[in-house]
Q: 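Structure below; questions to follow.
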Amino acid sequence: MVIRCAGPTSSRSRAPWKRSSAALPSAAAPVSRGVFAQTYQYAGDRVRSGAAVAVALGGEFVAEIATSTGTEPTTSTATVTRTDGNVLLELDGRPALEVFSEFQGRETLRELDNEATAKVALGVEFQAPAARSDALTPYVVRSPFALDTARGGLVMAAPLPEGIRIVFHLRSIRAAVDGAEQAARALARRLHGREIRLVLGFECSARTVPLLGKQEAAREQALVQQALAPDAEWLGMLAWGEVAPYGSQATYYNFTYPMLALAE
């Protein structure tokens with residue numbers, strides 16, 4: 001099993017899931033105080049920046065994954081009608097930025113402020129996996145991380161295929177906390193009869209203090225640990241973009257909390 005982490009400003013952080021069908025979670029981009037900035041990667045006694053590091057684990061253990069989002073779908077939908085690489089230009093033939101702003105009841109945004117990023121996410125309706133797991137979220141949620149105001153576009157971390165349907169999601173404290181606890185309980189059921197020794201968490205940084213606040217974020221972690229493995233070792237990080245399973249393949253998420261449990 002390989003766990004990978006890349007700096008957010010490195011080309012190595014771009015679409016690593018496309019080169020692997022291994023459904024293991026990783027952080028697509030760690031961040032500093034919620035923004036893409038210079039971060040550091042550590043390997044042995046070396047300190048790098050703009051790099052990717054990975055650790056390989058082997059032995060007699062079982063690995064299981066759970067994911068949860070902090071959003072709830074609405075009845076508002078749109079179809080991706082034009083893109084340029086990772087820039088979403090049109091939804092239903094209209095400027096994507098205009099549609100995104102309109103859904104929030106606001107004038108066309110000139111900058112991506114905290115109100116916009118804390119409220120709305122885009123649910124991408126990829127083809128449903130053949131086999132569903134109660135430990136994995138049924139939603140692939142993504143968010144813009146910048147605006148292309150000149151073209152009326154939304155700059156996404158990963159490209160969206162033209163013709164795919166988007167469902168607007170609202171971010172929710174209840175959905176974030178309850179979803180994380182439910183995913184942890186589902187993961188515990190999948191590992192029933194085994195001893196969970198280690199849990200790795202890769203929670204989206206936008207879920208924690210920006211949405212939940214310090215006290216609720218701490219309560220979320222306490223609920224998750226109690227539901228899954230209170231006696232195990234826990235190690236986690238905050239990410240801006242998460243890579244986790246969707247069916248048998250790995251894909252890119254935002255506002256998602258992947259957990260990886262290793263058990264004997």
Q: Taking Ala51's backbone N and O only, do any of them form a donor-acceptor pair with Gln41's side chain (distance below 3.5 Å, no angle check)?
A: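 Yes, the answer is positive, given that a donor and an acceptor are paired below the 3.5 Å cut-off.
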
Q: Count I, L, V, M, F, W, Y as connected when their side-chain heavy atoms are under 4.5 Å apart, and connections chain through other members. Are Val177 and Leu211 then in the same cluster?
A: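 Yes, one cluster joins them.
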
Q: With heavy-atom distances below 4.5 Å as the criterion, would you say the side chains of Ile166 and Leu160 are in contact?
A: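 Contact flag for Ile166/Leu160 side chains = yes.
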
Q: Nearest heavy-atom pair of Gly70 and Ala175: which atoms, and what distance?
A: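 So the two residues come closest at C-CB, 3.9 Å.
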
Q: Which atom pair, heavy atoms only, marks the closest approach of Arg142 to Tyr252?
A: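 What the structure gives for the nearest pair is NE-O, 3.0 Å.
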
Q: If I take atom CG from residue Leu170 and atom OG1 from residue Thr71, how far apart are they, to the nearest 0.5 angstrom?
A: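 Spacing of CG (Leu170) from OG1 (Thr71) equals 8.5 Å.
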
Q: Leu191, Tyr257: one ILVMFWY side-chain cluster at the under-4.5 Å cut-off?
A: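 Yes; tracing contacts between hydrophobic side chains, which count when under 4.5 Å, links both residues.
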
Q: How about CD on Gln104, more than 12 heavy atoms from neighbouring residues, nucleotides or ligands closer than 6.0 Å, or not?
A: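 Yes.
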
Q: Heavy atoms only: give me the nearest Arg194-Ala263 pair and the separation to one decimal.
A: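 Scanning both residues, the minimum pair turns out to be CB-CB, 4.0 Å.
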
Q: Which atom pair, heavy atoms only, marks the closest approach of Ser49 to Tyr40?
A: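 Smallest interatomic distance, heavy atoms only, reads CB-CD2, 4.1 Å.
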
Q: Kindly compute the distance separating CG (Asp231) from CD (Gln225), expressed to the nearest 0.5 Å.
A: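 One finds 10.5 Å between CG of Asp231 and CD of Gln225.
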
Q: Is Leu136 reachable from Tyr139 through a run of I, L, V, M, F, W or Y residues, each pair having side-chain heavy atoms under 4.5 Å apart?
A: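 No, no single cluster joins them.
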
Q: Would you name the heavy atoms of Leu260 and Ala63 that are closest together and state the gap between them?
A: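 Reported closest heavy-atom pair: CD1-CB, 3.9 Å.
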
Q: Are the side chain of Asn86 and the backbone N or O of Met156 linked by a donor-acceptor pair below 3.5 Å?
A: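 Answer holds: yes.
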
Q: Which residue pairs pass the ring pair (Phe, Tyr, Trp, His ring centres under 6.0 Å) test with at least one member in residues 103-127, sequence neighbours excluded?
A: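 Qualifying pairs, neighbours excluded: Phe103-Phe168.
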
Q: Would you check if Glu125 and Thr77 make a side-chain contact, meaning some heavy-atom pair closer than 4.5 Å?
A: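 Side-chain contact under 4.5 Å: no.
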
Q: With sequence neighbours excluded, tell me which residues meet side-chain contact (heavy atoms from CB on, under 4.5 Å) with Ala206.
A: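 Expected list: Arg171, Cys204, Trp240, Phe255.
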
Q: Please check this pair: side chain of Glu162 against backbone of Thr83, looking for a donor-acceptor N/O pair closer than 3.5 Å.
A: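 Indeed, once roles are kept as given, a pair shorter than 3.5 Å links the two residues.
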
Q: Quick one: does Tyr253's side chain have a donor or acceptor within less than 3.5 Å of a partner on Pro245's backbone?
A: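 Yes: the side chain of Tyr253 pairs with the backbone of Pro245.
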
Q: Roughly how far, to the nearest 0.5 Å, is CE of Met237 from CD of Glu242?
A: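 Result: 8.5 Å between the selected atoms.
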
Q: So do Asp148 and Leu154 actually touch side chain to side chain, heavy atoms under 4.5 Å?
A: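 SC-SC contact between Leu154 and Asp148 ruled out.
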
Q: Are the side chains of Leu57 and Met1 in contact, using a 4.5 Å heavy-atom criterion?
A: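 Met1 reaches Leu57 side chain to side chain.
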
Q: Assess whether side-chain contact (heavy atoms from CB on, under 4.5 Å) is satisfied between Tyr246 and Val124, documenting all intermediate values.
A: CA-CA 12 Å; Tyr246 187 71; Val124 187; over 6 Å; no

Q: On a heavy-atom basis, which atom in Ala180 and which in Met259 lie closest, and how many Å separate them?
A: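 Nearest pair, atom of Ala180 first, then Met259: O-CE, 3.9 Å.
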
Q: Arg106 versus Asp113: any side-chain heavy-atom pair under 4.5 Å?
A: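 Result yes, sub-4.5 Å side-chain heavy-atom pair found.
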
Q: Between side-chain atoms of residues 87-101 and protein atoms elsewhere (two or more places apart, or another chain), which donor-acceptor pairs fall under 3.5 Å?
A:
from, atom 1, to, atom 2, distance (Å)
Glu90, OE2, Arg82, NE, 3.3
Asp92, OD1, Thr79, N, 2.9
Arg94, NE, Glu98, OE2, 3.3
Arg94, NH1, Glu102, OE2, 3.4
Arg94, NH2, Glu98, OE2, 2.7
Arg94, NH2, Glu102, OE1, 2.9
Ser101, OG, Leu97, O, 2.8
Ser101, OG, Leu109, N, 3.1

Q: Measuring from Leu198:CG to Leu200:CG, what's the distance to the nearest 0.5 Å?
A: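 Here the interatomic distance stands at 4.5 Å.
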
Q: Supply the atom-to-atom distance Glu181 CD to Leu223 CG, rounded to the nearest 0.5 angstrom.
A: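 CG of Leu223 is found 4.5 Å from CD of Glu181.
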
Q: Could you state the interatomic distance from CZ (Arg207) to CD (Glu220), rounded to the nearest 0.5 Å?
A: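 Between Arg207 CZ and Glu220 CD, I get 5.0 Å after rounding to 0.5 Å.
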
